[in-house]
Amino acid sequence: MQSSTVRTLLVRGMIAGVVAGLLAFALAYVVGEPSIDSSIALEESASAPAHEHGDAAAVPADEGEEEELVTRPVQSTFGLATGVLVYGVALGGIASLAFAVCLGRVGRLRPRATAALVAGAAFTTVYLVPFLKYPATPPAVGNPDTIGKRTTLFFLMIVLSVLVAVIAVFAGRRLAPTLGNWNATVAAGGGYVLVMAVACLLLPANTDAVKETFPAALLWEFRLASLGVQALLWTAFGLIFGALAERVLRPAAAAAAAATAAAASEAVTARSAARPG
């Protein structure tokens, strides 16, 4: 694939990431933000009695409540939109490069099907599998001092999942001539599942457990919203980028086919002219 085509696909991937990010932002704002607001309200109501029964005289006057740098309305609108759009653009660009590598190398799939395959694999390896080990939690759950540890474990799970998936793809391609495409795909997928299952058992668990007093329904509402936002983001990206990539690659494929046909026609004409009359 020519570098100009890859560059065009990269731009199309970032555009698809922006559109998918806008859709994900809308869902996150409608479905996810209410559970976050409820969690914050629970945290504030739980901390209020402690302040009421505390020794007010022991607290210096200048150590009152810290002024909030970014208000909650700004966080839930501009802050959320900025984060989701940057996330969508970045992952859209990376996924478009992965698409350029996979196109024609993972079977005779059309660009739309390849884009859907890449998006589905990215959702599974980048979010779904790490989510199963370290599920998302709302702000009021967990000790703030353990955020760094929890973030490190989650990103470690992402890196491991992506690395094992890449190895599984290469292993499947190596096994295809011997086992056939279907059996090689099943073997590679089974190997990925097995390795990640072992990794989930060996990696440390989240010791910062959810408080028993926290409503289970609210916790699962937040986690399902988080899962739904990611699913919408990658589904929208796969569909939008697949359509854009098809429009980019269709003229190139037609030109290549025409060039091949012209070369074959010239070869036939040359052989006919070379025959003795």
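As a basis for the values below, the full set of heavy atoms in this structure was taken, side chains included, without hydrogen atoms, waters or symmetry mates.
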CG/Leu219 to OG/Ser38 distance, rounded to the nearest 0.5 angstrom? 12.5 Å

Partner set under side chain to side chain contact (heavy atoms under 4.5 Å, CB included) for Pro177, not counting sequence neighbours: none

Let me check something: any side-chain donor-acceptor pairs from residues 116-135 under 3.5 Å, sequence neighbours excluded? List them with distances.
{"from": "Thr124", "atom 1": "OG1", "to": "Gly120", "atom 2": "O", "distance (Å)": "2.9"}
{"from": "Thr125", "atom 1": "OG1", "to": "Ala121", "atom 2": "O", "distance (Å)": "2.8"}
{"from": "Tyr127", "atom 1": "OH", "to": "Ser226", "atom 2": "OG", "distance (Å)": "2.5"}
{"from": "Lys133", "atom 1": "NZ", "to": "Cys200", "atom 2": "O", "distance (Å)": "2.6"}
{"from": "Lys133", "atom 1": "NZ", "to": "Leu203", "atom 2": "O", "distance (Å)": "3.3"}
{"from": "Tyr134", "atom 1": "OH", "to": "Pro204", "atom 2": "O", "distance (Å)": "2.5"}

Is Val89 reachable from Ile15 through a run of I, L, V, M, F, W or Y residues, each pair having side-chain heavy atoms under 4.5 Å apart? no

When you measure from the side chain of Thr114 to the backbone N and O of Arg110, does any donor-acceptor pair fall under 3.5 Å? yes

Determine the minimum heavy-atom distance between Tyr192 and Ala168, stating which atoms define it. CB-CB, 4.2 Å

Taking salt bridge (Lys or Arg N to Asp or Glu O under 4.0 Å) as the definition, give me every residue that meets it alongside Arg7, ordered by chain and number, with sequence neighbours left out. none

Residue pair Arg12 / Arg247, side-chain heavy-atom distance below 4.5 Å: no

Decide yes or no for Leu10 and Val6: does some side-chain heavy atom of the first lie under 4.5 Å from some side-chain heavy atom of the second? no

Roughly how far, to the nearest 0.5 Å, is CG of Leu27 from CG of Leu22? 13.0 Å

Counting neighbours of OH on Tyr29 that are heavy atoms of other residues, nucleotides or ligands and sit closer than 6.0 Å, is the number greater than 12? no

Any link between Val84 and Leu239 through a network of hydrophobic side chains (Ile, Leu, Val, Met, Phe, Trp, Tyr) touching at under 4.5 Å? no

Would you say Leu244 ends up clustered with Val248 if hydrophobic residues are merged whenever their side chains have heavy atoms under 4.5 Å apart, either directly or through other cluster members? no

Do Gln230 and Trp234 have side chains that approach each other closer than 4.5 Å (heavy atoms only, starting at C-beta)? yes

For residues Ala231 and Thr235, report the shortest heavy-atom separation together with the two atoms involved. O-OG1, 2.7 Å

Leu153 and Phe155: same hydrophobic cluster, using ILVMFWY side-chain contacts below 4.5 Å? yes

I'd like to check Phe154 versus Lys149 (side-chain heavy atoms, cut-off strictly below 4.5 Å). Are they in contact? no

Least distance between heavy atoms, Ile240 atom then Ala20 atom: CD1-N, 4.5 Å

Inter-residue atom distance Leu9.CG - Leu97.CG, 0.5 Å rounding: 9.0 Å

Rounded to the nearest 0.5 Å, what separates atom CZ in Phe222 from atom CD1 in Ile36? 5.0 Å

What distance do Leu103 atom CG and Thr5 atom OG1 have between them, rounded to the nearest 0.5 Å? 10.5 Å

Is there a path of hydrophobic side-chain contacts, each under 4.5 Å between heavy atoms of I/L/V/M/F/W/Y residues, joining Trp182 to Leu175? no

Can you tell me how far the CG atom of Asn181 sits from the CZ atom of Arg173, to the nearest 0.5 Å? 10.5 Å

Using side-chain heavy atoms (C-beta onward) and a distance below 4.5 Å, is Pro111 in contact with Phe241? no

Closest heavy-atom contact between Leu23 and Leu232? O-CD2, 3.5 Å

Specify the closest pair of heavy atoms between Phe237 and Ser96, including all atoms of both residues, with the distance to one decimal. CZ-N, 4.3 Å

